[in-house]
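Keep in mind that what you see is a predicted model, and the values were worked out from it rather than measured. Heads up: numbering here begins at 1 and tracks the sequence.
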Amino acid sequence: MSKAPGAMFGPRRVGQCHNVEDFRRLAKRRLPGPIFHYIDGAADDEITKDRNSAAFDDCDLVPNVLAGVETIDMSVEVMGKKIAMPLFLSPTALQRLFHWQGERAVAHAAEAAGTWFGISSLATVSIEEIGRQISSPKMFQLYVHKDKGLNRSMIERCKAAKFDAIALTVDTIVSGNRERCRRTGFTSPPRLTLASMASFAAHPAWAANYFLREKFELPNLKDHVAEGSNIALSVADYFNTMLDTSMDWKMAEAIRADWGGQFCLKGVMSVEDARRAVDIGATAIMVSNHGGRQLDGSRAPFDQLAEIVDAVGDRIDVICDGGIRRGSHVLKALSVGAKACSGGRLYLYALAAAGQAGVEKTIANLQGEIERGMRLMGARDVASLHRGNLRWR
């Protein structure tokens with residue numbers, strides 16, 4: 001198999017990063033091994049992670065020509081908010097481990113692009129700071145903890161900070177078997193061992209930013225739990241000890257009622273669960289397998305998308321989350337009937353490589369691919385894309 005230009009050594013500057021894989025290679029150069037592998041890794045044999053992107057390869061786009069596409073409208077309405085393009089940045093945890101700017105960089109890049117982004121319960125920047133600084137649509141990814149007071153506190157803080165949606169993560173009541181993290185000893189905050197210190201020393205720019213800038217912490221959790229901020233813990237141990245394994249549909253419905261606004265279930269993969277999401281009053285679902293980080297061997301979101309859209313797409317916003325690496329992937333998901341797409345690694349590699357400038361560049365790359373693809377498909381707007389533009393092999 002031939003390699004893309006520069007694949008052997010990877011790009012050295014942001015301007016040379018023309019796609020997500022370019023940013024991945026640059027991130028690998030700039031991050032200590034345990035931290036890169038936390039972003040890049042997944043569960044067990046990582047079959048599902050690889051399948052998430054590969055699923056798009058089994059479907060071909062069929063363009064229409066002579067459609068008069070002088071102007072293109074990429075805007076869509078998702079969870080009650082109009083955004084400039086049908087792609088947004090999924091909430092992810094621990095971002096200041098990847099780059100000292102962390103969630104601030106992602107938030108400002110998303111705001112500049114006019115699209116949704118989210119922060120996690122395990123974010124490294126507070127709900128209040130994001131609420132003060134960002135006016136574009138923002139969601140909060142809620143992990144339900146055993147500590148009911150913590151759950152209530154995070155919801156109330158989101159209300160006060162005027163967040164636009166809560167995304168309840170429903171696929172992480174226990175952690176997936178992330179073997180790369182186990183091999184490298186990844187923890188939050190990073191535990192100082194001979195091996196980790198050697199990796200930090202080999203990446204002095206990262207180490208200087210981590211140790212000499214503001215103290216690493218998880219501000220949305222620290223008043224309730226020390227783990228993750230002051231006590232080093234693996235993500236698997238955190239999930240397995242802190243999260244509520246009793247979470248069920250009744251609890252999800254109660255959280256929706258308490259929140260009272262746009263409410264998304266993140267991690268829905270079955271038609272049955274999509275229908276139940278409608279029944280409890282959710283306004284959106286993210287068809288997602290957590291980037292392949294939980295149940296290895298599960299289906300790819302794109303493969304499950306058509307069935308879910310046919311069942312509930314007229315009653316709830318269906319978002320395809322996971323495996324997005326190209327604008328053509330977005331076009332395929334939209335043609336199936338998704339309202340929009342989202343992803344995490346697609347911007348985390350860029351964040352790790354270059355902070356806000358990297359996130360802005362990867363958004364611009366993907367936005368350009370979507371617009372160019374729509375022109376070549378003969379689609380003046382998102383509504384012009386439909387299942388007739390697709391053929392499965």
Practice task
May I ask you to test the M139-F88 pair for a side-chain heavy-atom distance under 4.5 Å?
Solution key: yes
Completion exercise
Only residue of I324, L366, V382 satisfying side chain to side chain contact (heavy atoms under 4.5 Å, CB included) with V330 is I324
Handout entry: With Y238 via ring-ring contact (aromatic ring centres under 6.0 Å, His included) - residues at least two apart
Key = H145
Practice task
For the residue pair R387 and V309, establish whether any side-chain heavy-atom pair is separated by less than 4.5 Å.
Solution key: yes
Practice task
Answer yes if W392 and L334 sit in the same cluster of Ile, Leu, Val, Met, Phe, Trp and Tyr residues linked by side chain heavy atoms under 4.5 Å apart, and no otherwise.
Solution key: yes
Completion exercise
On a heavy-atom basis, the closest approach of L94 and T124 is CA-CG2, 3.7 Å
Exercise for the section: State whether the number of non-hydrogen atoms from other residues, nucleotides or ligands found under 6.0 Å of K159 atom NZ is greater than 12. Expected result: yes
Handout entry: Verify same cluster id: F186, V174 (apolar side-chain graph, 4.5 Å)
Key = no
Practice task
Nearest 0.5 Å please: distance from the CZ atom of R157 over to the CD1 atom of I127.
Solution key: 4.5 Å
Problem - Residues Y38 and T184: side-chain donor-acceptor under 3.5 angstrom - result: no
Practice task
Return yes when atom CZ of R380 has more than 12 non-hydrogen atoms of other residues, nucleotides or ligands closer than 6.0 Å, and no otherwise.
Solution key: no
Problem - Other residues, nucleotides, ligands: >12 heavy atoms within 6.0 Å of K250 NZ - result: no
Practice task
Go through the side-chain N and O atoms of N389 and S335 and say whether any donor and acceptor fall under 3.5 Å apart.
Solution key: no
Handout entry: Heavy-atom check, side chain of C17 versus side chain of L26, under 4.5 Å
Key = yes
Exercise for the section: Before accepting this row, confirm whether a basic side-chain N of the pair R183/E179 lies closer than 4.0 Å to the acidic partner's carboxylate O. Expected result: yes
Completion exercise
Taken in chain and number order and not counting sequence neighbours, the residues that satisfy ring-ring contact (aromatic ring centres under 6.0 Å, His included) with F302 are F56
Practice task
Answer yes or no: is there a side-chain heavy-atom contact under 4.5 Å between R325 and E21?
Solution key: no
Handout entry: Electrostatic pair E129:R132 at N-O distance under 4.0 angstrom
Key = no
Report all side-chain donor-acceptor pairs from residues 108-117 shorter than 3.5 Å, counting only partners two or more places apart or in another chain.
residue: H108; atom: NE2; partner: Q133; partner atom: OE1; Å: 3.4
residue: E111; atom: OE2; partner: S135; partner atom: N; Å: 2.9
residue: E111; atom: OE2; partner: S135; partner atom: OG; Å: 2.9
residue: T115; atom: OG1; partner: L87; partner atom: O; Å: 2.7
residue: W116; atom: NE1; partner: V78; partner atom: O; Å: 3.1

Exercise for the section: State, without any angle test, whether Q294 and R178 hold a side-chain donor-acceptor pair at a distance under 3.5 Å. Expected result: yes
Handout entry: K361/D22 ion pair, N-O < 4.0 Å
Key = no
Problem - Same apolar cluster: I363 and V20, side chain cutoff 4.5 Å - result: yes
Problem - Interatomic distance, H37 atom NE2 to S199 atom OG [nearest 0.5 angstrom] - result: 8.5 Å
Exercise for the section: For the residue pair N365 and T362, confirm or rule out a side-chain donor-acceptor distance under 3.5 Å. Expected result: no
Practice task
Give the C-alpha distance, both sets of side-chain angles, the deciding distance and a yes or no for salt bridge (Lys or Arg N to Asp or Glu O under 4.0 Å) between R275 and E272.
Solution key: CA-CA 5 Å; R275 288 185 173 127; E272 179 184 1; over 6 Å; no
Practice task
Scan side-chain atoms only and decide if N220 and S121 contain a donor-acceptor pair under the 3.5 Å cut-off.
Solution key: no
Handout entry: Side chain to side chain, L390 and C59, heavy atoms closer than 4.5 Å
Key = yes
Exercise for the section: State the CG-CE distance between N151 and M247, to the nearest 0.5 angstrom. Expected result: 9.5 Å
Problem - Any side-chain donor near an acceptor of the partner, D40 and Y349, under 3.5 Å - result: yes
Exercise for the section: Please tell me if the side chains of P301 and N52 come closer than 4.5 Å, counting only heavy atoms from C-beta onward. Expected result: yes
Exercise for the section: Would you mind reporting whether I155 and L142 have side-chain heavy atoms less than 4.5 Å apart? Expected result: yes
Problem - More than 12 heavy atoms of other groups within 6.0 Å of K148 NZ - result: yes
Problem - R152/D258 salt bridge by N-O under 4.0 Å criterion - result: no
Exercise for the section: Could you tell me whether the side chain of P91 reaches within less than 4.5 Å of the side chain of F140, counting heavy atoms only? Expected result: no
